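The next block holds one structure in the form of structure tokens; read it before the comments.
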Amino acid sequence: CAPKKMIIMNKFKYYFVLLLAGLAIVSCNKKDDDEVVVVPVRDYKEQYKADNDSIEKYLKNNYIKNVTADFDITFEKITDPATQVSIWDQQEYKLEHRDVYNRDVTYRVYYLTLRKGAGEAPCNFDSVSVSYTGNLLNGTQFDSSYGLAREFNLDIYANNIIEGWGEIMPKFNVGIQNAPGSDGTITYDNYGAGVMFLPSGLGFYASAQPDIPAYSPIMFSFKLFALKRADSEYNISNGTNIIVGDGVPTYKEDINGDGYVYDHRDKVRFPNMPADLIDDTDGDGVPDFYDFDDDGDGYTTRFEVTKPAEAPVTGISLYYPYDPIPDNP
């Protein structure tokens with residue numbers, strides 16, 4: 001009996017070891033399944049090259065099928081090059097581009113001007129009233145206001161607006177408001193209308209959205225109806241930015257006159273901002289549209305812009321009082 005008992009024991013040990021090995025394998029696989037794999041965000045410059053190639057290919061291989069009287073636009077893929085002129089080559093609606101510095105990339109952003117508009121142009125920190133439709137380059141519509149105007153703040157620090165909107169909408173003008181209708185409806189004439197083609201770096205980039213895969217170039221057709229001017233200076237209270245302004249609208253603190261203001265202290269978006277994009281009168285490192293004392297003379301801009309009409313323009317300051325009292329601002 002002894003040999004049989006030894007055989008049974010050996011078999012038991014064999015199956016016991018086999019069972020432990022199996023559990024270890026299952027445990028390792030489970031760990032692998034549960035682990036979150038962190039995929040590094042793509043390099044912005046390399047992704048822009050791919051996005052720009054896709055956008056230019058789209059512009060050269062699609063044509064404007066129709067533009068309605070209300071500036072609703074449709075595109076289709078070219079099937080007859082003899083009669084269908086590409087978006088790139090057509091001359092009826094001007095295809096323009098704007099160079100945008102962001103995250104150490106200079107993006108060339110293409111946009112179509114369907115109508116410039118007759119009113120004022122917003123700056124990239126104003127609020128706008130706009131209707132829009134968003135599409136992928138494959139034609140998939142991912143968002144739309146269905147022809148109705150919606151209010152958006154273009155300030156990238158106050159809203160989740162995609163950055164491309166604030167870079168292209170200032171190239172258009174708002175409309176002229178008509179008298180309210182009998183039902184109170186407000187309409188606009190001669191509003192700006194266009195289409196922007198955005199590389200993913202000025203869109204959602206690595207953040208996939210419903211119907212928008214990560215790293216997707218996107219395009220928006222839009223109609224720009226109205227704007228509300230910003231005055232962006234703020235105080236911080238309990239960790240919250242409280243907008244108080246300084247009496248000078250943000251668009252008037254665009255010292256270089258390019259229609260845009262940027263916070264060059266934001267080293268994530270603007271690590272090496274070109275000097276000609278910086279609007280900082282006193283050179284204190286705070287852009288004028290966030291600076292309560294733009295010229296650094298010890299007097300707040302809000303005080304200075306309330307100067308008496310008869311005050312003579314003298315001294316070195318840009319604002320009243322033109323001769324500041326150094327020891328008692």
Side-chain angles (χ1 to χ4, degrees), residues 29-62 72-77 87 97-112 124-125 127-128 130-169 194-224 262-263 266-271:
N29 286 341
K30 189 174 188 304
K31 181 181 178 184
D32 290 343
D33 290 342
D34 289 345
E35 281 183 348
V36 176
V37 179
V38 178
V39 179
V41 175
R42 296 178 185 175
D43 179 78
Y44 277 90
K45 290 183 179 180
E46 291 302 316
Q47 184 60 39
Y48 167 58
K49 293 177 183 177
D51 290 347
N52 190 60
D53 181 68
S54 297
I55 291 171
E56 291 190 352
K57 184 177 179 180
Y58 179 88
L59 295 172
K60 293 174 182 178
N61 287 278
N62 289 268
D72 295 317
I73 189 170
T74 54
F75 302 106
E76 276 197 3
K77 191 172 183 63
I87 304 168
H97 69 265
R98 162 173 160 71
D99 290 339
V100 175
Y101 176 75
N102 191 290
R103 290 178 171 83
D104 218 21
V105 180
T106 299
Y107 293 95
R108 171 162 288 193
V109 184
Y110 292 99
Y111 61 96
L112 273 175
N124 57 322
F125 274 74
S127 294
V128 293
V130 59
S131 69
Y132 67 93
T133 298
N135 291 83
L136 302 179
L137 298 185
N138 64 10
T140 300
Q141 180 178 303
F142 58 80
D143 195 9
S144 176
S145 69
Y146 304 101
L148 301 176
R150 293 183 182 176
E151 304 294 326
F152 292 94
N153 188 346
L154 297 178
D155 179 353
I156 57 175
Y157 302 109
N159 200 2
N160 289 325
I161 198 77
I162 62 172
E163 298 187 45
W165 276 38
E167 296 294 347
I168 298 303
M169 286 191 181
V195 186
M196 63 178 81
F197 303 89
L198 302 179
S200 64
L202 297 176
F204 297 101
Y205 204 56
S207 301
Q209 306 292 315
D211 299 320
I212 309 176
Y215 306 110
S216 294
I218 53 180
M219 60 183 184
F220 287 95
S221 58
F222 61 92
K223 303 169 189 177
L224 185 59
Y262 299 102
D263 188 353
D266 182 348
K267 296 304 180 183
V268 174
R269 286 185 172 89
F270 314 119

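Keep in mind that this is a model prediction, so the values were computed, not measured.
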Can you run down the side-chain hydrogen bond (donor to acceptor under 3.5 Å, both in side chains) pairs that involve residues 215-224, sequence neighbours left out, and say none if there aren't any? D72-K223
CD1 of I218 to CG of N135: how many Å apart, nearest 0.5 Å? 10.0 Å
Would you indicate whether the side-chain heavy atoms of Y107 and L198 approach each other to under 4.5 Å? no
Using the test ring-ring contact (aromatic ring centres under 6.0 Å, His included), find all partners of F204 that sit at least two apart in sequence or belong to another chain. none
S207 backbone acceptor or donor facing Q209 side chain under 3.5 Å: yes
Within-4.5 Å side-chain heavy-atom neighbours: K77 and N61: yes
Are Y110 and E56 close enough that a side-chain donor and a side-chain acceptor fall under 3.5 Å? yes
Under 3.5 Å, is there a donor-acceptor pair between the side chain of R42 and the main chain of A206? no
Holding to salt bridge (charged side-chain N to carboxylate O under 4.0 Å, His left out), I want the full list of residues that pass it with D263, two or more places apart in sequence or in another chain. R265
What about the rings of F222 and F152, do their centers lie closer together than 6.0 Å? no
Hey, what's the ring geometry for F270 with Y262, parallel, tilted or perpendicular (30° and 60° as the breaks)? perpendicular
Pairing donors with acceptors under 3.5 angstrom, does anything connect the side chains of Y44 and N102? no
Rounded to the nearest 0.5 Å, what separates atom CG in L59 from atom OG in S54? 11.0 Å
L136 versus P213: any side-chain heavy-atom pair under 4.5 Å? yes
Using side-chain heavy atoms (C-beta onward) and a distance below 4.5 Å, is M169 in contact with M196? yes
d(S131 OG, L148 CG) to nearest 0.5 Å is 8.0 Å
Test item: side-chain donor near acceptor, T106 and D99, under 3.5 Å: no
Gap separating the CD1 atom of I87 from the CE atom of M219, nearest 0.5 angstrom: 7.0 Å
Of the non-hydrogen atoms in N153 and A158, which two are nearest, and what is the gap between them? ND2-CB, 3.9 Å
Taking the side chain as every heavy atom from C-beta outward, state whether Y132 and D143 have any atom pair closer than 4.5 Å. yes
Give a yes or no on whether the backbone of T133 and the side-chain of Y146 come within a donor-acceptor separation of less than 3.5 Å. no
Kindly write out the residues that satisfy side-chain hydrogen bond (donor to acceptor under 3.5 Å, both in side chains) with N138, not counting sequence neighbours, or none if the list is empty. T140
Mind checking what makes ring-ring contact (aromatic ring centres under 6.0 Å, His included) contact with Y111, not counting sequence neighbours? F172
State, with a plain yes or no, whether a side-chain heavy atom of I55 is found less than 4.5 Å away from one of P199. yes
For D51 and Q47, which I'm curious about, is there any donor-acceptor pair between the side chains at under 3.5 Å? yes
With a 6.0 Å cut-off (strictly less than), is the heavy-atom count around NZ of K57, excluding the residue itself, greater than 12? no
What is the minimum heavy-atom distance between A214 and A208, and which atoms define it? N-CB, 3.8 Å
CZ-OH distance between R269 and Y101, expressed to the nearest 0.5 angstrom: 12.5 Å
Give the C-alpha distance, both sets of side-chain angles, the deciding distance and a yes or no for side chain to side chain contact (heavy atoms under 4.5 Å, CB included) between F197 and F220. CA-CA 7 Å; F197 303 89; F220 287 95; over 6 Å; no
Over 12 non-hydrogen atoms of neighbours within 6.0 angstrom of NZ in K49: no
I'd like to check W165 versus L202 (side-chain heavy atoms, cut-off strictly below 4.5 Å). Are they in contact? no
Check the pair R103, E163 against salt bridge (Lys or Arg N to Asp or Glu O under 4.0 Å), reporting the backbone distance first and the verdict last. CA-CA 12 Å; R103 290 178 171 83; E163 298 187 45; 3.1 Å; yes
Distance from I168 atom CD1 to L154 atom CG, nearest 0.5 Å? 11.5 Å
Taking salt bridge (charged side-chain N to carboxylate O under 4.0 Å, His left out) as the test, write out the residues that go with E76, two or more places apart. K65
Nearest heavy-atom neighbours spanning P217 and L137: CB-CD1, 3.9 Å
